[in-house]
Amino acid sequence: MKKYNPKKIEKKWQKYWESHKTFQVKEDVKKEKFYSLIEFPYPSGEGLHVGHPRPFTAMDVISRKKRMEGKNVLFPIGFDSFGLPTENYAIKTGKAPAEVTKKNIANFTRQLKMLGYSFDWSRQVDTSNPKYYKWTQWLFLQFFKHDLAYKKNQPINWCPKDKIGLANEEVVNGCCERCGTPVEKRNKEQWMLAITKYADKLLAGLQNVDYIERARVQQENWIGKSEGAEIVFPLRMIPGQSDDKHSVTVFTTRPDTIFGATFVAVSAELAKKWVDVGWQANEDIKKYIEDILAHRKSSREEEPEKTGVEAGIVAINPANQKEIPVWITNYVLGEVGTGAIMGVPADDDRDKEFAEKYNLPIIENYTKAGFEDHGKRVIRYKLRDWVFSRQRYWGEPIPLVNCVPCGGWVPLPESELPLELPKVKKYQPTDTGESPLAAMEKWVNTKCPQCGGPAKRETDTMPNWAGSSWYFLRYADAHNDKEFASQEKLKYWMPVDWYNGGMEHVVLHLLYSRFWNIFLHDIGLVPVSEPYAKRTAHGLILAKGGEKMSKSKGNVVNPDEVVAQYGADTLRTYIMFMGPFDQAVEWDDNGLVGVKRFLDKVWNLQEKVVPKTELNLKLQTSLHQTIQKVGEDIEGMRFNTAISKMMELVNEMSKEEKLSADYYSALLKILSPFAPHMTEELWGNLGNKKTLVYQSWPEYNPELTKESTLTIAIQINGKVRDEIMIDADTAEDEVKKLALASEKVQKWLEGKEPKKVIYVKGKLVSIVI
RNA sequence: GCCCAGGUGACGAAACCGGUAAACGUACUUGACUUAAAAUCAAGCGCCGAAAGGCAUGCGGGUUCGAGUCCCGCCCUGGGCACCA
């Protein structure tokens, strides 16, 4: 027998699968489809690190099992290749991003093939390829034509380091999500996608899909629906003078507390508006307003102490006509709700803190009101429209031109798509906030496709979220140059049956791509409303010491090295064995050893294989238990326990002199999703001519998973004192009798009668003294 | 502050409905094989104790014949949201 040599075997089978097109799928209405999806990687210059294979291997295991269960499995791969790191690299080195991307994709492809993933490579997509982004542009124009894309001058989040505008979703604690630099507010014209118009659909759709709860909750929080009332408080701008012109509208989720309101608090932003339309505030108040507004812009890290000034305005509580003062405060925010609240110190901690500081009255006991009487019921969302333009080079050009005679923005006709990125000399973005494309006069100045007159191109590009917002649709029909994907193929493959990805993409990518899909469904271009039937998430693989792996810390484990030393099958199986799939785990080189030993044992077992052995009842039970557990555990993503059960089985098999070929075959089948190369080789060694990939998944017999002899523990007052062996079908009375007869039990009883004897079937006897 | 995970040997972890806590793997100890090492195989491996036995799943209570698992009150770690009215 040859020694297990992963290097040779793995290359051999990778070639076999490629030349036999083993994993290429075609639409086949006679077969039930299964669409499994991973988040396609960004092809960075560093290549794969050992964290990537966790989700990839998991979905590969699932895909391989589904194939063996007879499903027509689509398991595609592609590259999300637009993005800042490549552009920054281009700025540093002067190399064209398209060339760098090509090189990086080649390296990623090599590494992914090295790991033996069962991707259908024929459907590979690349978001920075004009053949792909032609359709990203085309889809953007659908938003534009349905008035869901609009340009707006507004303060945006500006990262001074990356020199780029950010979507709200990309700002974390007031800092750039990517580089951690505090963001500034800048006024800029930006393309926006009106995702807020889909807030209710995005929220409602979550009820019809099977998402891991953390993901669902995070999406719900982000959409942030709150139901409440808008209540109008009439104002007297000058106390004592009647005034029927002025009022302030407050938003509250607790309109029932209106009788407890002792003041009205307004934001500095709203107060500023009042000043702008002629409110005669004194200088101190004006200065206070300016101070708050200036301070808001700069720091956001800590919650400042609550401050306020009395405005000298009286508000009238519409519920009881009581006069209460109006305060201008820093703890009410202009962009939230109506920018004004009613202060109810008895029911709101923040109002209470404020009232105590400024000695405002607190009404402890008051009648809770009915809400219909005092306000208009409204529903608010935290969700804001999506800032969809970036002032950078390496992204999809926005296919619009500005034509003054035609009255503004004119879309390019489909025949002019793709609007390709021109080659530029300098990739450096500018401090003025314009993309490098703006400097290319030849490209910028063009003809209006509508009137033929001179017009200017949009020079901003799309955010890196654009391409990933619909890639799962393209996989259904990756090479179609007439449509983004044919209806027929979308109907066959959609929705994605199982999508696994990182928690970090749950608010951004998942929300955006659901938005695109729901919109496309609404206009009749996609057959299903929700793109993903099921969404799971993996935990991170951390470096030793619990830190994230990063190039700068020098703690990145490269899969190339692991594969060179142990082979891909060992790496795959170890990554699945490390710990619970949804939790973070620390990488440990030592752990690879145990898995390698396990695979060696499986390899060595082939020596013991004979066509048929006598029935070995114990081994039969173990085999059926293992088949059951591995199948169930894969479905539940409990890969670690699936593997440990197979280890137990293999340990048992290793103790036998001879091993029946059908037992060994069953083992190879259930192990094959984890260690596909080695099991293919062993399967061939058994004399089989066809690939293991499409062999049927073994079935277990529930009757045969039951043990014939059981060990029963005997507890006395809750403590285990003895155990007895019984036949599985022993009657309850008999078991109790046997238990009481035990020598140790007799000793503990000291001749007394037990108060109570409880038998838990197949587990234990509990005796109470 | 609110929401969601989680806390178990030296380490990664199991224990699915309340039923023998620590399966599986690593590390370690001893032995076999070997001139030797590696590899492999065998035995051991929570803590205290000579043993009988006692103590053990972050801490303190409770329910139960029986609690890692359920209930009450805390502490710690990770993630999300956050003056959101």
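Bear in mind that the values here come from a model prediction, so they are computed numbers and not experimental data. Each chain gets a letter, A, B and so on, in the order the sequences are listed, and its residues count up from 1.
Closest to the A:K601 side chain, of the nucleotides B:rU20, B:rG25, B:rC24, is B:rG25. Checking B:rA27, B:rU20, B:rA85 against the side-chain heavy atoms of A:T711 singles out B:rU20 as nearest. With B:rA21, B:rA85, B:rG79 as the choices, the nucleotide that has an atom nearest any side-chain atom of A:V720 turns out to be B:rA21. When distances are taken from the side chain of A:E648 to each of B:rA14, B:rC24, B:rU20, the shortest belongs to B:rC24. Proximity note for A:R597 (side chain, C-beta onward) versus B:rA85, B:rC24, B:rU26: the nearest is B:rU26. Closest contact between the side chain of A:P580 and the listed nucleotides B:rU26, B:rC24, B:rA13 involves B:rA13.
The salt bridge (Lys or Arg N to Asp or Glu O under 4.0 Å) test applied to A:E652 returns no partner, not counting sequence neighbours. A:R380 is linked by a salt bridge (Lys or Arg N to Asp or Glu O under 4.0 Å) to nothing, counting only residues two or more places apart in sequence or in another chain.
A side-chain N or O of A:H505 and one of A:E39 form a donor-acceptor pair less than 3.5 Å apart. In this structure, a donor-acceptor pair under 3.5 Å is absent between the side chains of A:D347 and A:T257. Side-chain polar atoms of A:E632 and A:Q628 form a donor-acceptor pair below 3.5 angstrom. Side-chain contact annotation: A:Y381 with A:D200, donor-acceptor N/O pair under 3.5 Å absent. Side chains of A:N500 and A:H538: a donor on one and an acceptor on the other come within 3.5 Å.
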Report summary line: With B for base contact, S for sugar-phosphate-only contact and - for none (protein heavy atoms under 4.0 Å), nucleotides 44-49 of chain B reads ------
Report summary line: Scoring nucleotides 2-12 of chain B by protein non-hydrogen atoms under 4.0 Å (B base, S sugar-phosphate only, - none) yields --S-S-----B
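The shortest heavy-atom contact between A:E364 and A:A346 is OE1-CB, 4.0 Å. Shown here for A:V507 and A:Q218, the closest heavy-atom pair between the two residues is CG1-O, 3.8 Å. When all heavy atoms are compared, the tightest approach of A:I292 to A:A268 is CG2-CB, 3.7 Å.
Using the Watson-Crick or G-U wobble rule with both distances under 3.5 Å, B:rC2 pairs with B:rG80. Searching all strands for a Watson-Crick or G-U wobble partner of B:rU63 with both distances below 3.5 Å returns nothing. Remark: B:rA10 base-pairs with B:rU26; criterion is Watson-Crick or G-U wobble with both hydrogen-bond distances under 3.5 Å. Pair assignment for B:rA15: none, as no Watson-Crick or G-U wobble contacts are both less than 3.5 Å. B:rA39 is unpaired under the criterion used here, namely a Watson-Crick or G-U wobble arrangement in which both key atom distances are under 3.5 Å.
Residue pairs meeting the side chain to side chain donor-acceptor pair (under 3.5 Å) criterion with at least one member in residues 567-577 of chain A, sequence neighbours excluded: A:D60-A:R572, A:D569-A:H677.
Nucleotides B:rU77 and B:rG58 place their P atoms 16 Å apart, quoted to the nearest Å. Separating the P atom of B:rA38 from that of B:rA27 is a span of 12 Å, rounded to the nearest Å. For B:rG66 and B:rG79, the P atoms lie 40 Å apart once the distance is rounded to whole Å.
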Query raised in the report: Step by step, would you call A:R216 with A:V506 a side-chain contact (heavy atoms from CB on, under 4.5 Å)?
Result: CA-CA 8 Å; A:R216 201 201 72 230; A:V506 158; over 6 Å; no
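Listed pair A:K756 / B:rC65 meets the phosphate criterion, a side-chain N or O lying under 4.0 Å from OP1 or OP2. Between A:K719 and the phosphate of B:rC55, there is a side-chain N or O to OP1/OP2 separation shorter than 4.0 Å. For B:rA23, the OP1/OP2 oxygens have no side-chain nitrogen or oxygen of A:N640 closer than 4.0 Å. One finds no side-chain N or O of A:R384 lying less than 4.0 angstrom from the OP1 or OP2 phosphate oxygen of B:rC84. An OP1 or OP2 oxygen of B:rA82 is reached within less than 4.0 angstrom by no side-chain nitrogen or oxygen of A:R350. OP1 or OP2 of B:rA85 has at least one side-chain nitrogen or oxygen of A:R380 nearer than 4.0 Å.
Using a cutoff of 4.0 Å between basic side-chain nitrogens and carboxylate oxygens, A:E269 and A:K273 are not scored as salt-bridged.
Nucleotide B:rG1 holds its C1' atom 11 Å from the NZ atom of A:K306, rounded to whole Å. Look at CG on A:L599: it is 12 Å from P on B:rU26, rounded to the nearest Å.
Evaluation of atom-type donor-acceptor distances gives no pair under 3.5 Å for the side chain of A:K382 against the base of B:rC84.
Interface residues of residues 758-768 of chain A facing RNA chain B, ordered by number: A:I758, A:V760, A:K763, A:L764, A:S766, A:V768; criterion, heavy-atom separation under 4.0 Å.
In this structure, A:Q715 reaches the bases: a heavy-atom distance under 4.0 Å links it to at least one base atom across the strands shown. Heavy atoms of A:R721 sit under 4.0 angstrom from primed sugar atoms or phosphate atoms, though from no base atom. Among the heavy atoms of the strands, none lies under 4.0 Å from A:D349.
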